[in-house]
2 protein chains.
Amino acid sequence: MAAKHVKEMEALKEHLGKHQLKLTRQRELILNAFLRQEHITAEAMYHQLAKSDPHLGLATIYRTLNLFCDAGLAQARHFGSQTQYDNIAHKGHHDHLICTGCDKIVEFENCDIERLQEEVATQNGFIIKTHRLELYGLCSRCRH
Amino acid sequence: MAAKHVKEMEALKEHLGKHQLKLTRQRELILNAFLRQEHITAEAMYHQLAKSDPHLGLATIYRTLNLFCDAGLAQARHFGSQTQYDNIAHKGHHDHLICTGCDKIVEFENCDIERLQEEVATQNGFIIKTHRLELYGLCSRCRH
DNA sequence: ATCATTTTGAGACAGCTTATCAATTTCAAT
DNA sequence: ATTGAAATTGATAAGCTGTCTCAAAATGAT
């Protein structure tokens, strides 16, 4: 079992080493759970891990997910009233068309848009790690 | 004094009429203050308006800004731990490059991206009303 | 002007996240 | 392997943002 996510584990260890932080059972556990998903909230992970590890505290999960952000493995995204922690490894495929009439959501991907995003970023001296694109409007049925 | 933002005021009145809502002194006041900015938080507006109107409640500002969202004049955007209310009239200038290292925000506009967004929407039978595009990454200084 | 309806303001309340702190764990140096 | 300074954990308190409550006030159709 395990022995997956080797690359990410190395990245975490490197970050820990650089900052005089320690590798703990909880951090390993949370990393493995985190890497299995595309994105998750702290609360969701808390419930998910409670089955195998009932005494893992919610605060530890928050601390650890924020640590992953610092280490460049995760990225926090505020959505609604909660914070989603996105798995950096799964980037792309995250654009949405949202109908404000019926709340239908259509996912899409467009390479040309992504390329232009890179262009804009470069012009401004940025290196993009992730992005978020949402188009709000009316779908064919809600247009009347 | 005043007599500005006529178009938006008409739009608000139309929304109020359709939903059996009333035009109040506070709603006019908050609308005028809101339209002067590109985006603002409820808390910031609370402090801003406290000088001229010390008894305007924070709850009223939240309610009113959410009303503007319903009326299509504003758009809520969660950023950090707070909600930014964006002025729709300034759209086209609403895309952001956000540095995850220092939280610096660079605004940009790109017609080609907007055109491709329209294209994607049309392909899916949507008519876009607004959009949100945020690119997250590291600025030139935070890249080390 | 009247009056049913809506809105306001103030504070209580709720949800999500971080801070606190004693007890435990890690890990580098024996 | 043992030690001990430093970091981490878990439980809960505290903090922050935003919404709800409700009596008093304002609106606007009649």
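In what follows, every chain begins at residue 1, and chains take the letters A, B, ... in the order their sequences are listed.
B:R27 comes within 4.0 angstrom of the backbone, heavy atoms only, and of no base. B:L58 comes within 4.0 angstrom of nothing in the nucleic acid, heavy atoms only. Backbone-only engagement by B:T83 is indicated by non-hydrogen atom pairs under 4.0 Å involving sugar-phosphate atoms exclusively. B:E43 comes within contact range of no nucleotide atom at all, as no heavy-atom separation falls under 4.0 Å. Using a 4.0 Å heavy-atom criterion, one finds that B:N66 contacts the sugar-phosphate atoms exclusively.
Salt-bridge check for B:R115 with A:D112: failed, with every basic side-chain N at 4.0 Å or more from each acidic carboxylate O. A:K18 and A:D70 are not joined by a salt bridge, as no carboxylate oxygen comes within less than 4.0 angstrom of a charged side-chain nitrogen.
The separation between B:L23 atom CG and C:dT5 atom C1' is 16 Å, rounded to whole Å. Straight-line distance from the CZ atom of B:R25 to the C1' atom of C:dG9: 11 Å, rounded to whole Å. What separates CG of A:L65 from P of D:dT9 is a distance of 12 Å, to the nearest Å. Distance CD (A:Q20) to C1' (D:dA5): 12 Å, rounded to an integer number of Å. Per the geometry, CD belonging to B:Q26 stands 11 Å off P belonging to C:dA10, to the nearest Å. Distance, B:H19 NE2 to C:dT5 C1': 17 Å, rounded to whole Å. Atom NE2 of A:H15 and atom P of D:dA7 are 14 Å apart (whole Å). Rounded to an integer number of Å, the gap from B:L29 CG to C:dG9 C1' is 15 Å.
Between A:Y62 and C:dT17 there is a side-chain N or O to OP1 or OP2 distance below 4.0 Å.
Here the CZ atom belonging to B:R27 is positioned 6.0 Å from the OG1 atom belonging to B:T64, to the nearest 0.5 angstrom.
Judged by distance alone with a 3.5 Å cut-off, a donor-acceptor contact links the side chain of A:K22 to the base of C:dT26. Residue-to-nucleotide contacts include no donor-acceptor pair under 3.5 Å from the side chain of B:R63 to the base of D:dG18.
Between A:Q82 and B:L56, the residue whose closest nucleotide on DNA chain C is further toward the 5' end is B:L56. A residue-by-residue look at A:H55 and B:T24 shows that A:H55 has its nearest nucleotide of DNA chain D further toward the 5' end. Mapping B:L16 and B:Y46 onto DNA chain C by nearest heavy atom places B:L16 at the nucleotide closer to the 5' end.
Between B:F34 and B:F68, the ring planes are tilted. Angles from 30° to 60° get that label.
Crowding of A:R141 atom CZ: a count of heavy atoms from other residues, nucleotides or ligands under 6.0 Å not exceeding 12.
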